[in-house]
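The structure appears below as structure tokens.
Model, not experiment: these values are computed from the prediction.
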Amino acid sequence: MKIAYFAWVRERIGKESETVEPPAEVATVADLVRWLKTRGEEYAYAFENEGVVRAAIDRRHVKPQTSIANAREIAFFPPMTGG
Amino acid sequence: MKIAYFAWVRERIGKESETVEPPAEVATVADLVRWLKTRGEEYAYAFENEGVVRAAIDRRHVKPQTSIANAREIAFFPPMTGG
Amino acid sequence: MASAVRIQREPFDAGAEIRALTEGRTDIGAVVTFSGLCRDEGGALSALELEHYAGMAEEELERVAAEARARWPLQGATIIHRYGRIAPGEDIVLVVTASTHRRAAFEAAEFLMDYLKTRAPFWKKEHRADGARGDWVAAKDDDDAAASRWDSKKPG
Amino acid sequence: MASAVRIQREPFDAGAEIRALTEGRTDIGAVVTFSGLCRDEGGALSALELEHYAGMAEEELERVAAEARARWPLQGATIIHRYGRIAPGEDIVLVVTASTHRRAAFEAAEFLMDYLKTRAPFWKKEHRADGARGDWVAAKDDDDAAASRWDSKKPG
């Protein structure tokens with residue numbers, strides 16, 4: 001599964017995207033965030049306030065409790081500031 | 001005193017403007033309308049619904065009870081439909 | 001503040017009016033424009049004839065613009081109103097507002113349109129496509145209601 | 001309905017976008033445009049850098065435009081959002097709405113701006129005029145409040 005990062009989430013993690021294979025018990029977006037935070041300081045820093053970072057699955061906004069089953073691309077990013 | 005007419009008030013009265021000398025007891029806009037209505041059928045027709053026609057004195061909107069003392073130009077017209 | 005009120009027979013260029021308010025400035029965050037166009041009412045009309053009270057029309061639009069500036073923090077406001085014969089699809093009126101914040105620009109533009117509709121001395125007469133005698137457009141109660149909602153409302 | 005969503009690095013021309021929605025039509029009575037510009041915050045900023053999520057940004061703006069069309073009777077809607085480095089005074093975003101009636105055009109334009117601010121995946125980073133490290137612009141609670149006021153509101 002591809003994961004993409006944007007804005008300060010991207011800067012903190014230090015990469016734009018990566019391909020990961022989380023274990024089977026990682027079922028939701030919130031599970032994925034908790035699992036990513038175990039992968040290093042940079043992830044722990046990016047997700048230090050779990051309520052702040054937003055997620056999209058296959059280019060649609062999703063909530064933390066959304067299932068990641070069948071997701072091709074999951075993106076994490078700060079609250080949007082366009083317009 | 002100059003009186004100007006616009007839109008269907010102008011069409012009903014049949015002139016764009018005229019100079020009139022109302023008698024001294026004509027003190028307000030409403031008095032002037034009542035006096036004008038005595039001047040002929042075309043005026044009676046233009047002002048048949050007294051609540052509809054609006055007035056301006058020297059290019060400012062006024063109410064029927066406004067005094068016409070010192071007015072240089074009084075205009076009568078239907079509700080506005082610009083914009 | 002850049003402010004302009006114009007009454008003219010000629011068409012106008014909304015893009016040029018936006019540029020006139022914003023060019024060379026770096027403090028404007030939001031520009032809202034409203035263009036009002038002549039509709040043919042499903043093919044029934046061949047044109048609208050706009051009559052105005054020359055002199056008072058300019059002054060009234062200036063008063064409406066001054067009222068908007070008093071209510072909202074604007075960096076610019078433009079009002080252009082055409083008169084004469086206007087064909088379907090052509091512009092009749094343009095309002096442009098510029099502000100640091102979008103809510104002020106939106107509210108001021110809507111206020112200017114609501115107010116000028118009920119206060120600016122312009123009258124529209126219909127020219128019918130079938131050649132029959134056209135009527136004067138009747139004022140809408142809706143427009144009075146739209147204008148009066150600003151009487152009590154404070155800028156947000 | 002004429003509808004267009006574009007995401008581009010290049011500047012846009014608001015006047016041309018208005019004409020694209022209205023040209024050759026005689027059924028549009030009202031066109032509202034909103035332009036969002038880059039401010040220099042009193043000289044503190046030399047530019048904004050706009051990052052976006054390519055692919056999702058287009059889709060999200062299409063969803064926002066579809067939502068506006070479902071809520072208001074629109075004859076056209078255009079949304080253009082720029083990305084990349086944008087200097088103070090330059091345009092960032094443009095929304096154009098066309099309708100028979102002015103209230104629908106105004107409300108739909110304001111809705112589009114409120115919604116895209118909180119839903120379209122764009123992020124602004126400041127470039128400071130003094131050369132110091134610029135921050136990512138923080139999202140405003142105001143913007144969330146502005147967007148959520150449409151959740152219960154019906155078009156007027």
List, with distances to 0.1 Å, the donor-acceptor pairs found between chain C and chain D - the cut-off being under 3.5 Å and no angle criterion applied.
from, atom 1, to, atom 2, distance (Å)
Thr26(C), O, Asp40(D), N, 2.9
Thr26(C), OG1, Asp40(D), OD2, 2.8
Gly29(C), O, Leu37(D), N, 2.9
Val31(C), N, Ser35(D), O, 2.9
Val31(C), O, Ser35(D), N, 2.8
Thr33(C), N, Thr33(D), O, 2.9
Thr33(C), O, Thr33(D), N, 2.9
Thr33(C), OG1, Thr33(D), OG1, 2.7
Ser35(C), N, Val31(D), O, 2.8
Ser35(C), O, Val31(D), N, 2.9
Leu37(C), N, Gly29(D), O, 2.9
Asp40(C), N, Thr26(D), O, 2.9
Asp40(C), OD2, Thr26(D), OG1, 2.8
Arg102(C), NE, Asp114(D), OD1, 3.3
Arg102(C), NH1, Asp143(D), OD1, 3.1
Arg102(C), NH2, Asp114(D), OD1, 2.8
Arg102(C), NH2, Asp143(D), OD1, 3.4
Arg103(C), NE, Glu110(D), OE2, 3.4
Glu110(C), OE2, Arg103(D), NE, 3.4
Asp114(C), OD1, Arg102(D), NE, 3.3
Asp114(C), OD1, Arg102(D), NH2, 2.8
Asp143(C), OD1, Arg102(D), NH1, 3.1
Asp143(C), OD1, Arg102(D), NH2, 3.4

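- Ala16(C) does not touch chain D: none of its heavy atoms, backbone or side chain, sits under 4.5 Å away.
- With a threshold of 4.5 angstrom between heavy atoms, Ala109(D) approaches chain C through its backbone and through its side chain.
- Ranking Leu94(C), Leu45(C), Ile28(C), Val95(C) against chain D, the residue ahead of the rest is Ile28(C), based on heavy-atom pairs under 4.5 Å.
- Comparing Gly36(C), Gly15(C), Gly24(C), Gly29(C) by heavy-atom pairs within less than 4.5 Å of chain D, the highest count is held by Gly29(C).
- Heavy-atom minimum distance, Ala14(D) versus Ile18(C): CB-CD1, 3.8 Å.
- Listed by first and then second residue, the ring-ring contact (aromatic ring centres under 6.0 Å, His included) pairs that reach into residues 3-28 of chain D come to none, sequence neighbours excluded.
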Show the numbers, then the answer: is there a ring pair (Phe, Tyr, Trp, His ring centres under 6.0 Å) between Phe34(D) and Phe106(C)? CA-CA 8 Å; Phe34(D) 176 89; Phe106(C) 268 118; 5.3 Å; yes

